[in-house]
Amino acid sequence: MLKIKQVLFLMFGVTSFIIFYMGFLSFITTSDELMGTIMLGFSGIVSLGTLIGTFYISRNITTPIDELITKMNEFSKNNKTTKYTESNYGIHELQYLHKNFHKMTDMVGKTIEKEKKLNIQLQEIDKRKIEFMSMMSHELKTPIMPILGYIQLLKKQELLGELNNQQLDALNEIHLATIRLQKLIQDILTAQKIDLEKLNITKDMLESKEVIDLVYKAFSPICKIKNVHLEKNSENHQIVSDADRICQVFSNLISNALEFVPERGGKIEIGSYEQEESIVFFVKDNGHGISFEEQQNIFKKFYQVDASLKRKKEGSGLGLSICEGIVKALNGQIWVESQVNFGTTFYFRLPKKAIQIQHLKS
Amino acid sequence: MNDLTFIKKELTVLIIDDNEQITKMISTFLRLNNHKCIIANDGEYGLEILQKEQFNVILLDLAMPELDGYEILEKIRSSDKISKIIILTASNITKENQQKFKEIGIKTILQKPVDIDVLLEKITTISKYQ
């Protein structure tokens, strides 16, 4: 690439050479010796003048540009510019450029400083938010423990005495409400952890059939109460993943399915199968299905298929977004297949070998 | 000795938890199941009685004012009593701490709220190892 200096010297050097050469030509061709000498002297002076002029101009242009380049390099390295000193470059535009470069870097430098301070403040707020969250998590879970404990105790009639049917009925209602509250608290805390990318994930060697059996065992009683037929259908494969988190996804998907299956003849099937290097888990129901438009939105946080306050279905609207967050943290994908009036199947695929558990901020 | 005769064995359980409602509920439940309970509602008292007396099982809360569960564990980490401890906590336990607990010989960590039947089952399991 060419430098300004080289361009200038090339242009004016050639010009001054031509002038001098023409003077020289007239000196050797003319018969008038005096005229020839004058022409030679004149062309010599003009070409010399051009050279000196070129030298002067080039210095006036390139020096400030070089300085500007040095300053720019400095600025891009440490975001700090040297103090502007009034200097006279002789060329107005360059002088102006210098002045404004200083103004600009000054402004950018100040903005960066501000940004840094703001960043520190934000980190501080974030830290306090996390502290608050862990405190709240503790505070919210603690009172649930004696409530649930005493409900269970009262239900053990051989320990605390017989209850009449109405009392038992009341106790059952309290029990259901407490379980709902407990699930809500857990949902909110999990959703927040997913947001902060602080979800705890453990890696263990699991048998997919055992996981399905565990979920089956946990949900059989409630399915029985709700008169829903729960079926399991699982091949057995080994997978390195987090059993608790997989159960949490299943729990959310089954809770959803329970809301949507018909009151009579409701059917839910859970299971897993192998697909290449992954295990696909599924929850299939014979509910009223999800339309294609609704399928686009169901994984969004707080989305409810029927968002009206009068809706019959219960839930925070966090369930599926939590499922998606957990599945992503386990390096998997979740998706839905559904046909209106024919039922819905939720699938989630997890890698058999947890290649690299998503790096979690500590 | 089969399981049935074992369950009938009376166990002495120490509960260290600053939440009085929780200690009262658990002790009521355990006493109704014919076990003995000693309650410590603060860490200092818990540690003192833990060092002085013998228990079959120790339920330990982690987050407590003043002397907390972590500090108690630190102070008794070389004692054989560590294998009798069940951690019962409402706070989140980091992976590192989980690992640490495993290393010092704690087998059971339960998250509040815990099903009381599960709690009883874990208590009998722990006492079986002794």
Please classify the contact of B:Ile93 with chain A as side chain, backbone, both or neither, using a heavy-atom distance under 4.5 Å.
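It is the backbone, since no side chain atom gets that close.
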What part of B:Leu62 gets closer than 4.5 Å to chain A, counting heavy atoms only: side chain, backbone, both or neither?
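It is neither, since no heavy atom gets under 4.5 Å.
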Check whether any side-chain heavy atom of A:Met145 sits under 4.5 Å from a side-chain heavy atom of B:Asn19, and report yes or no.
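Answer no - side chains too far apart.
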Considering only heavy atoms from C-beta outward, does the side chain of B:Leu32 approach that of A:Lys156 to under 4.5 Å?
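No, too far: nothing below the 4.5 Å cut-off.
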Evaluate whether atom [atom1] of [X] has more than 12 neighbouring non-hydrogen atoms of other residues, nucleotides or ligands under 6.0 angstrom away.
X	atom1	answer
A:Glu131	CD	yes
B:Lys122	NZ	no
A:Lys232	NZ	yes
B:Gln21	CD	no
A:Lys209	NZ	no
A:Lys224	NZ	no
B:Glu20	CD	no

I need the contact set between residues 101-117 of chain B and chain A: heavy-atom distance under 4.5 Å, sorted by residue number.
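Expected list: B:Gln111, B:Lys112, B:Pro113, B:Val114, B:Asp115, B:Ile116, B:Asp117.
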Grab the two heavy atoms, one from B:Ser91 and one from A:His138, that are nearest each other, plus how far apart they are.
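It is N-CD2, 3.6 Å.
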Considering all heavy atoms, the nearest A:Ser137-B:Ala90 contact:
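It is OG-O, 4.1 Å.
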Rounded to the nearest 0.5 Å, what's the gap from [atom1] on [X] to [atom2] on [Y]? Could you check?
X	Y	atom1	atom2	answer
A:Thr142	B:Asp18	OG1	CG	8.0 Å
A:Ile151	B:Met25	CD1	CE	10.5 Å
B:Thr28	A:Leu160	OG1	CG	8.0 Å

Answer with side chain, backbone, both or neither: which region of A:Glu158 has an atom nearer than 4.5 Å to a non-hydrogen atom of chain B?
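Contact with chain B is absent: no heavy atom of A:Glu158 under 4.5 Å.
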Using heavy-atom distances under 4.5 Å, tell me whether A:Leu148 contacts chain B through its side chain, its backbone, both, or neither.
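Looking at A:Leu148, just its side chain touches chain B.
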